[in-house]
There are 2 protein chains.
Amino acid sequence: MAAVDSTILTERQVEVLELREQGYTQQEVAEKIGTTDSNVSAVERAATKNVEKAKRTLRLVDTLSASVTFEVPAGTHFGDMIEMVYSHGDTCDIKIAYCRPELYSYLYEPLEKYSAGNKIRRNVEIGLTHDGDVRVFPGEVNDAISGFDETRQ
Amino acid sequence: MAAVDSTILTERQVEVLELREQGYTQQEVAEKIGTTDSNVSAVERAATKNVEKAKRTLRLVDTLSASVTFEVPAGTHFGDMIEMVYSHGDTCDIKIAYCRPELYSYLYEPLEKYSAGNKIRRNVEIGLTHDGDVRVFPGEVNDAISGFDETRQ
DNA sequence: GGTGATTCAAACAAAACTCTTTGAGATAAA
DNA sequence: TTTATCTCAAAGAGTTTTGTTTGAATCACC
């Protein structure tokens, strides 16, 4: 079995991920490792959640390590957020490396799933690097402002 | 403060990372958040460890998601490991996308710090993708085989 | 030598997470 | 309908992690 040292995955989680990756169904995996399909499902879900956490962690650190950071509150319009990027850039003598249309799609991509009606439904942390790059971290939900029920499908 | 939702960093850890990133010393951060410099050091270390864990997690998942995976035991010579890559590729009808010298430096880069005397000091998980790419995950220490004291500087 | 910045180990309580079981549903195909 | 596959919530016991304190140590620099 693959090593899990200094990883946020447990041995059990890697065990399940490996077998699932090889094409076995949850029931087959359950038999192989001696437990129930329901348990395999739970472990697999925990593993997936951990992988998502790892991705978000690196994105957050990447954003925080920019020389300027600021937070955009949930409910902000996309256009306003873009203005905030440029004005913070001006204030800190950073020339943003994107023109307005570029920045729009650059920001829209990672935020698409947290947006609706041209508004962002989450607090967003934005970082500006020395050389004008823009980094984004979609943060926690803020239903009070956005007026959306995140849990609904 | 930046959101830490669905992240493996705690609020405290992000708090410290943010202030440290802004250039404050550990003592200054300690005063700001009302604790000791020694504590700030500990929290910062935990945060760094978590970031490393996140990186290793993604590398492991990347390796595991390859269509063929196998493990190279600690103590293996670099040359033997490279032969293993090609022979597994042959077995599974995967044409490795690197020639021998390329593969050598490609594998040496991520494994350099775990190597000595042309041997690897750790178990290494290797994944081969459908299109011949090679992925590497340096695993747990195995001092019994490698005969090295990892803790020594 | 002294000083500022940082690191480290040990210990502890509180908090978070893990795997598991149980029992119930959801979905889609035969 | 039956079957296979997968999901979900709640609850429990066990393990791990976290933040913290204390006291000592390291390192670079004046």
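Nothing here was measured: the structure is a model prediction, and the numbers come from that model.
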Beyond-backbone contact of B/Arg20 with B/Glu28, side-chain heavy atoms, under 4.5 angstrom = no
Within the distance-only criterion (no hydrogens, no angle test), does the side chain of B/Asn50 pair as donor or acceptor with the backbone N or O of B/Leu9 below 3.5 angstrom?
-> no
Side chain of A/Thr57, backbone of A/Lys53: donor and acceptor closer than 3.5 Å?
-> yes
Assign A/Gln13 to base, sugar-phosphate, or nothing according to its heavy-atom contacts below 4.0 angstrom with the strands shown.
-> sugar-phosphate
Pairs under 3.5 angstrom, nitrogen or oxygen only, protein versus nucleotides 9-17 of chain C, please.
unit_1 : atom_1 : unit_2  : atom_2 : d
C/dC17 : OP1    : A/Lys53 : NZ     : 3.4

C/dC8 C1' sits how many Å from B/Asn39 CG, rounded?
-> 13 Å
Boundaries of the chain A footprint along DNA chain D (any atom under 4.0 Å from a heavy atom) | D/dT5 to D/dC8
Would you find a donor on one side and an acceptor on the other, under 3.5 Å apart, between the side chain of B/Ser67 and the backbone of B/Leu128?
-> yes
Closest non-hydrogen atom pair, A/Cys99 against A/Tyr86 | C-OH, 3.1 Å
salt_bridge(A/Lys49, A/Glu52) N-O dist < 4.0 Å = no
Look at all strands and tell whether B/Ser41 reaches a base, only sugar-phosphate, or nothing, counting heavy atoms closer than 4.0 Å.
-> base
Between the side chain of A/Tyr114 and the main-chain N/O of A/Val124, is any donor-acceptor distance below 3.5 Å?
-> no
Taking the side chain from A/Arg56 and the backbone from A/Pro138, do they hold a donor-acceptor pair closer than 3.5 Å?
-> yes
Taking five pairs at each end, how big is the angle between the two axes of the helix from C/dG1-D/dC30 to C/dA30-D/dT1, to 10°?
-> 50°
Starting from P on C/dC8, measure out to CG on B/Asp37 and report it in whole angstrom.
-> 14 Å
Donor-acceptor contact present, side-chain A/Arg121 to main-chain A/Ala74, <3.5 Å | no
Note: for B/Thr35 and A/Tyr24 on DNA chain D, the residue whose nearest nucleotide lies more 5' is A/Tyr24
Output yes when at least one side-chain N/O atom of B/Gln27 is less than 4.0 Å from OP1 or OP2 of C/dG4, else no.
-> no
Of all the heavy-atom pairs spanning B/Thr63 and B/Ile126, show the shortest one and how long it is.
-> CG2-C, 3.9 Å
Is A/Asn123 reaching over with its side chain to a backbone N or O of A/Gly139, donor-acceptor style, under 3.5 angstrom?
-> no
